[in-house]
**Student:** 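Mind looking over this structure? Questions follow.
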Amino acid sequence: MARKLKNNAKPVQANVTAINEGLMLGLVRQHELTEVAELLNAQLQEEISARKRAEEALINSEKLASVGHMAAVLAHEINNPLAAVTNVLFLAQTTKGLPDAARQYLQMADAELSRIAHITRQTLGFYRESSAPITFHLAILFDSVVNLLQAKQISKRAIIEKQCEKELQMTAFQGELRQVVSNLLMNSLDAIDETGKVTLRATSSRGCNGRRPRIRITISDNGKGISDITLSRIFQPFFTTKGDVGNGLGLWVSKQIVEKHGGSIQVRSHTKGPRQGTTFSIVLPISCF
Ligand SMILES: Nc1ncnc2c1ncn2[C@@H]1O[C@H](COP(=O)(O)OP(=O)(O)OP(=O)(O)O)[C@@H](O)[C@H]1O
Ligand SMILES: [Mg+2]
């Protein structure tokens, strides 16, 4: 009898093992299914964020198109009456028998008008000025940008230092590059305290290992610096920390221009310590075409 019981115990044990194995298999399958579900969920979330990003990009590009259109219309509308007033002022200045004081006032008005004309061409005309790449001296480009922003420099009592070999040349869309340097210099002048300093620097590097020679332009300031959170967004269109005063387009436009020329733009910034301030570096092929 005892022997019979012992013999029957074997199939029962086998059944228990089979059930355990079945349970284990079930658990493994369940685990696998959970993993697949999690993967699908992650893909879905990624898809949703990608769609959101695409929608945002579309809204931004529509905004940008309307800003571009508005800028073109404004530039046109402002330039015409400006030209008329400039002519009238010229005639008034050349009138015979004009008292000296009146002539001086007219000259001052004329100087201010040319400043407005320059700014509308520069800012509203954006970078349409040069239709073909040309070879130009970087020192002259720096001079023209600094001249353009002279009023801002004076009001900030800022020191602007230019470090550029006189003979250094490059071939590019000159108006577009002037736009980039002026956008970066404007940002630096906004960022510094009174009597702060901005340095514009251009150097060339020989092309080695079959690489073309390159130009490096750096714009450094000892201003307030950019926090890490802000830094991650500065190249996005319409991102600004300047409220109503900023459009948040300067860096975005600059990056587009630099990349169009086959170059790259980088930024380093510190908000405290002895190295407080910001440096933008642009590297461009010496001849982009
Ligand atoms: N040199 C700098 N120092 C500190 N912050 C800077 C500097 N350059 C850029 N930034 C930050 O990056 C943001 C984006 O700059 P960007 O030039 O694109 O737009 P903006 O200057 O605000 O407006 P605008 O369209 O008039 O140029 C600025 O609002 C500012 O917060
Ligand atoms: Mg700006």
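Order of listing sets the numbers, starting from 1, for every ligand and every atom in it.
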**Student:** For Leu23, which fellow cluster members are found when Ile, Leu, Val, Met, Phe, Trp and Tyr are connected by side-chain heavy-atom distances below 4.5 angstrom, either directly or through intermediates?
**Tutor:** Ile19
**Student:** Pairs of nitrogen or oxygen atoms closer than 3.5 Å, one from Thr230 and one from ligand 1: do any exist?
**Tutor:**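 No - when backbone and side-chain N and O of Thr230 are compared with those of ligand 1, no distance drops under 3.5 Å.
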**Student:** Tell me if a side-chain donor or acceptor on Glu161 pairs with a main-chain N or O of Thr199 at a distance below 3.5 Å.
**Tutor:**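 Such a contact is absent between Glu161 side chain and Thr199 backbone.
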**Student:** For residues 263-286, pull every pair meeting side-chain hydrogen bond (donor to acceptor under 3.5 Å, both in side chains), keeping only residues two or more places apart or in separate chains.
**Tutor:** Ser220-Thr279, Ser269-Thr278
**Student:** For atom 17 (O) of ligand 1, what's the nearest protein heavy-atom neighbour? Residue, atom name and distance, please.
**Tutor:** Asn187 ND2, 2.8 Å
**Student:** Listing by chain and number, which protein N, O or S atoms are under 2.8 Å from the Mg ion (ligand 2)?
**Tutor:** Asn187 OD1
**Student:** Provide, to 0.1 Å, the distance between atom 29 (O) of ligand 1 and the closest protein heavy atom, together with that atom's residue and name.
**Tutor:**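 Going atom by atom, the protein heavy atom closest to atom 29 (O) of ligand 1 ends up being Thr241 N, 2.9 Å.
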**Student:** With no hydrogens and no angle check, is any side-chain donor or acceptor of Thr230 less than 3.5 Å from a backbone partner on Ile226?
**Tutor:** no
**Student:** Taking Arg216 for the side chain and Thr203 for the main chain, is one N or O donor matched with an acceptor at less than 3.5 Å?
**Tutor:** no
**Student:** Would you mind checking which non-hydrogen protein atom is closest to atom 25 (O) of ligand 1, with the distance to 0.1 Å?
**Tutor:**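 Going atom by atom, the protein heavy atom closest to atom 25 (O) of ligand 1 ends up being Leu249 N, 2.8 Å.
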**Student:** Between Asp221 and ligand 1, which part of the residue brings a heavy atom under 4.0 Å of the ligand: side chain, backbone, both or neither?
**Tutor:** side chain
**Student:** If the cut-off is 4.0 Å to any non-hydrogen atom of Thr278, which atoms of ligand 1 fall inside it?
**Tutor:** 1 (N), 3 (N)
**Student:** Would you call Glu46 and Arg53 a salt bridge, taking side-chain N to carboxylate O under 4.0 Å as the test?
**Tutor:** yes
**Student:** Test your reading of the model: is there a side-chain donor-acceptor pair from Asp221 to the backbone of Val198, 3.5 Å cut-off?
**Tutor:**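 Answer holds: no.
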**Student:** Check this for me, if you would: do Lys255 and Glu259 make a salt bridge, where the nitrogen-to-carboxylate-oxygen distance has to be below 4.0 angstrom?
**Tutor:** yes
**Student:** Backbone, side chain, both or neither: what part of Phe280 comes under 4.0 angstrom of ligand 1, heavy atoms only?
**Tutor:**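 Side chain only.
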**Student:** Show your working on salt bridge (charged side-chain N to carboxylate O under 4.0 Å, His left out) between Lys242 and Asp190 and close with a plain yes or no.
**Tutor:** CA-CA 9 Å; Lys242 299 178 190 169; Asp190 283 339; 2.8 Å; yes
**Student:** Considering Leu231, Thr271, Leu251 one by one, which has a heavy atom nearer to atom 15 (O) of ligand 1 than any of the others?
**Tutor:**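 Checking each option, the heavy atom nearest atom 15 (O) of ligand 1 is found in Leu251.
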**Student:** With a 4.0 Å cut-off on heavy atoms, does Gly223 reach ligand 1?
**Tutor:** no
**Student:** Which residue and non-hydrogen atom of the protein lie closest to atom 19 (O) of ligand 1, and at what distance in Å?
**Tutor:** Gly248 CA, 3.3 Å
**Student:** I'd like to check which ligand 1 atoms, numbered from 1 as shown, lie under 4.0 Å from a non-hydrogen atom of Gly250.
**Tutor:** 16 (P), 17 (O), 18 (O), 24 (P), 25 (O), 27 (O)
**Student:** Around atom 13 (C) of ligand 1, find the nearest protein heavy atom and jot down its residue, atom name and distance.
**Tutor:** Ile234 CG2, 4.0 Å
**Student:** Students should be able to answer this: which protein heavy-atom is nearest to atom 22 (O) of ligand 1, and at what distance?
**Tutor:**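 Here the nearest protein heavy atom works out to Thr240 OG1, 2.5 Å.
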**Student:** Begin from the C-alpha positions of Glu194 and Lys156 and carry the test salt bridge (charged side-chain N to carboxylate O under 4.0 Å, His left out) through to its verdict.
**Tutor:** CA-CA 5 Å; Glu194 280 216 344; Lys156 276 268 175 166; over 6 Å; no
**Student:** Would you please determine whether Lys242 falls within less than 4.0 Å of ligand 1 on a heavy-atom basis?
**Tutor:** yes
**Student:** For atom 14 (C) of ligand 1, grab the closest protein heavy atom and report residue, atom and distance to one decimal in Å.
**Tutor:**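 Protein heavy atom at minimum distance: Phe239 O, 3.5 Å.
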**Student:** Evaluate Glu47 against Lys52 for salt bridge (charged side-chain N to carboxylate O under 4.0 Å, His left out), listing each step before the verdict.
**Tutor:** CA-CA 9 Å; Glu47 180 89 355; Lys52 264 195 191 152; over 6 Å; no
**Student:** With a 4.5 Å heavy-atom cut-off, do Leu184 and Ile282 have their side chains touching?
**Tutor:** yes
**Student:** Could you identify the single nearest non-hydrogen protein atom to atom 4 (C) of ligand 1 and state the distance to 0.1 Å?
**Tutor:**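 Here the nearest protein heavy atom works out to Ile226 CG1, 3.5 Å.
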**Student:** Between atom CZ of Phe235 and atom CD1 of Ile265, what is the distance when rounded to the nearest 0.5 Å?
**Tutor:** 4.5 Å
**Student:** Tell me every residue that passes salt bridge (charged side-chain N to carboxylate O under 4.0 Å, His left out) with Asp143, counting only those two or more places apart in sequence or in another chain.
**Tutor:**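 With sequence neighbours excluded, Asp143 shows a salt bridge (charged side-chain N to carboxylate O under 4.0 Å, His left out) to Lys162, given in chain and number order.
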**Student:** Out of all atoms in ligand 1, which are within 4.0 Å of some heavy atom of Gly225? Include the element for each.
**Tutor:**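 By the 4.0 Å cutoff, the relevant atoms are 4 (C).
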**Student:** Treat each ILVMFWY residue as a node, draw an edge where side-chain heavy atoms are under 4.5 Å apart, and state whether Leu149 and Val146 are in one component.
**Tutor:** yes
**Student:** Quick check on contacts: which atoms of ligand 1 are under 4.0 angstrom from a heavy atom of Ala191?
**Tutor:** 2 (C), 3 (N), 4 (C)
